[in-house]
Amino acid sequence: MSLTQVEAGTRRESQSTPVEWQRKHVLLLFAGLATIYIILAVVRTLGRPLGGSQHLIYLADGWLHGHLYLHNIPPDTQDYTLHNGHWYVAFPPLPAVLLLPIVAIFHLSHEAVISLIFSLGVGILNIWLMLGVLKRLARRYLPGLTFAAAAWLTVLFALGTEHLFATMQGNVWYTAHVVATTFLLLYTGETLDKRRPVLAGLYLGLAALSRSTALFTFPFFVLLAVGFFSVNQQGFRRPVLWKQLFLFFTVLGTIIAGMLLYNQARFGSPLDFGYNTMNVNLFVRGNLHTYGQFNWHFISTNFRYMLLEPPYIVSHTPYLIFNPLGTGIFWTTPALLLAFLAFRYRERRWLAASLLAACFLPMALLLFYFNTGWYQFGYRFVLDFLPFALLLVALGMRTNPGRWEKALIVLSVVINIWGFVVFTFFHP
């Protein structure tokens with residue numbers, strides 16, 4: 001059975017998706033998870049003082065003063081870039097754009113609290129968007145997806161992945177991840193459902209303006225477009241396919257061109273993103289200046305912390321600890337192992353291949369990166385492709401989750417909440 005036949009069959013059931021039958025339950029699930037997030041954010045503020053690293057707020061403040069550089073210099077200039085006597089924020093600018101109205105009101109007052117509240121709000125929004133993505137998955141590809149399965153997957157996303165820890169940090173690195181996840185979820189939902197190329201390209205481009213690595217999830221749209229338009233009742237529709245791809249990449253290209261112009265205005269070169277001259281921590285500075293931002297030299301280290309590094313049992317509290325340089329994604333979210341079963345149903349294999357391609361390209365790029373993610377629970381860069389990995393989990397699960405599937409999700413939740421507790425109260 002082709003991808004198009006699956007879509008045609010499932011489209012007829014689009015008005016009776018099992019997930020949509022449970023609207024009240026969907027709202028209750030969302031409200032419950034949002035409440036947990038708010039409680040954990042309060043715990044976060046009580047357990048560890050909110051720190052600095054508010055690059056995005058300082059960047060927005062600089063813009064409000066009419067500069068591309070900082071108007072006010074923070075006490076700690078780590079991970080800022082000094083160029084021609086001015087300090088710049090090299091990180092992609094979209095989160096600072098979203099913070100502009102808030103900074104216009106509060107300026108640099110209470111920036112740590114504002115950043116955490118902003119991150120919390122976006123993180124809660126992402127839970128709702130994840131539910132929307134699962135609805136679209138059910139509508140188009142998995143008509144048998146029950147509300148129970150969707151609920152388990154949503155709980156996994158909200159409480160059993162690095163999204164939880166990232167949302168609770170409220171600093172530049174994690175806020176960028178949380179905002180990028182918002183637009184990756186919008187991109188994923190659009191591609192699964194109506195697949196409008198302009199909107200899909202816009203959402204992906206905005207994700208890349210939060211986390212550049214997100215750009216490399218573009219194969220998801222390309223492969224699904226090819227799968228849908230290559231075969232249908234009228235035969236091969238090459239012109240329609242090329243129009244879709246042309247519009248998609250035109251929007252993406254326009255956003256990339258805007259970023260290159262931003263680089264030109266800041267650093268005098270469209271290809272200078274400001275990373276190679278960034279005032280990074282001494283721990284990674286040597287590697288950055290010796291090998292550059294991307295190099296074969298970093299593959300073994302990144303492979304270890306991305307996939308292999310386990311938690312450690314110690315004889316003192318908190319007894320189970322995590323390496324701050326990273327912990328393998330299958331250790332922190334064991335439910336991701338279900339993704340290996342995504343190809344077992346023939347009619348879902350094209351979708352599974354599209355999702356896998358969206359994971360592999362960012363993973364491959366990150367293996368060359370000079371930094372594992374620095375001080376973190378788990379491996380934060382997994383958020384650059386997490387929505388696609390979780391949909392692979394959805395394809396690997398049964399429509400009514402069994403005992404072992406539930407056990408893996410519960411274990412993922414326990415590990416991520418424990419990781420949050422360890423990093424909040426024990427400061428590894």
Side-chain angles (χ1 to χ4, degrees), residues 51 53 55 76 78-81 90-92 161-178 180-181 184 208 210-217 273-312 314 320-334 336 359-386 388-389 412 415-416 418-420 422-424 426-428:
S53 304
H55 300 55
D76 182 3
Q78 182 172 309
D79 284 358
Y80 291 89
T81 298
F91 302 116
T161 69
E162 273 76 1
H163 185 266
L164 170 65
F165 184 78
T167 299
M168 301 303 156
Q169 300 315 299
N171 58 39
V172 57
W173 308 285
Y174 290 101
T175 300
H177 280 296
V178 176
T181 300
L184 281 177
S210 298
R211 284 283 305 166
S212 301
T213 320
L215 179 66
F216 293 88
T217 64
F273 287 82
Y275 282 85
N276 288 330
T277 53
M278 184 185 288
N279 180 32
V280 297
N281 189 281
L282 284 171
F283 185 80
V284 295
R285 186 178 301 171
N287 279 337
L288 175 62
H289 293 165
T290 302
Y291 300 103
Q293 193 176 356
F294 295 92
N295 194 283
W296 292 90
H297 174 79
F298 305 120
I299 289 180
S300 60
T301 299
N302 284 316
F303 186 83
R304 169 187 170 184
Y305 290 111
M306 180 191 293
L307 298 173
L308 304 180
E309 184 74 3
Y312 292 94
V314 294
L320 183 68
I321 63 172
F322 306 89
N323 191 329
L325 293 179
T327 303
I329 60 177
F330 297 109
W331 289 100
T332 55
T333 306
L336 287 177
C359 295
F360 267 179
L361 265 188
M363 288 176 71
L365 182 68
L366 290 165
L367 286 174
F368 292 86
Y369 194 52
F370 79 100
N371 183 3
T372 66
W374 192 224
Y375 190 83
Q376 60 185 339
F377 163 70
Y379 181 75
R380 65 180 174 93
F381 293 151
V382 70
L383 290 164
D384 291 338
F385 53 88
L386 182 64
F388 311 99
S412 300
I415 291 173
N416 278 270
W418 184 245
F420 167 76
V422 169
F423 277 78
T424 301
F426 297 96
H427 320 301

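The first residue in the sequence is number 1, and the count goes up from there.
- Considering OH of Y375 and OG of S53, their distance stands at 12.5 Å, rounded to 0.5 Å.
- Between F377 and F423, the ring-plane angle classifies as perpendicular under the 30° and 60° cut-offs.
- Separating the CH2 atom in W173 from the CD atom in Q376 is a distance of 11.5 Å, to the nearest 0.5 Å.
- Between atom CG of residue D384 and atom CG of residue L215 there is a gap of 11.0 Å, rounded to the nearest 0.5 Å.
- A tilted orientation is assigned to the rings of Y174 and H177, their planes being inclined by 30° to 60°.
- For W418 and F322, the ring centers are positioned 6.0 Å apart or more.
- Qualifying ring pair (Phe, Tyr, Trp, His ring centres under 6.0 Å) partners for F420, counting only residues two or more places apart in sequence or in other chains: none.
- Judged as a side chain to side chain donor-acceptor pair (under 3.5 Å), and not counting sequence neighbours, the contacts of E162 are T332.
- Aromatic pair Y369/F294: ring centres closer than 6.0 Å.
- When side chains are defined from C-beta on, F385 does not count as touching F216, because their heavy atoms never get closer than 4.5 Å.
- Put simply, CG on L325 and OH on Y379 are 12.0 Å apart, with the number rounded to the nearest 0.5 Å.
- For F426, the ring pair (Phe, Tyr, Trp, His ring centres under 6.0 Å) test picks out no residue, with sequence neighbours left out.
- Under the side chain to side chain donor-acceptor pair (under 3.5 Å) rule, E309 has a single partner from N323, T327, T372, which is N323.
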Could you give me the CA-CA distance, side-chain angles and deciding distance for T217 and L361, then say whether side chain to side chain contact (heavy atoms under 4.5 Å, CB included) is met? CA-CA 7 Å; T217 64; L361 265 188; over 6 Å; no
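- A cation-pi arrangement is not found for R380 relative to F165, the charged atom failing to lie both closer than 6.0 Å to the ring centre and inside a 45° cone about the ring normal.
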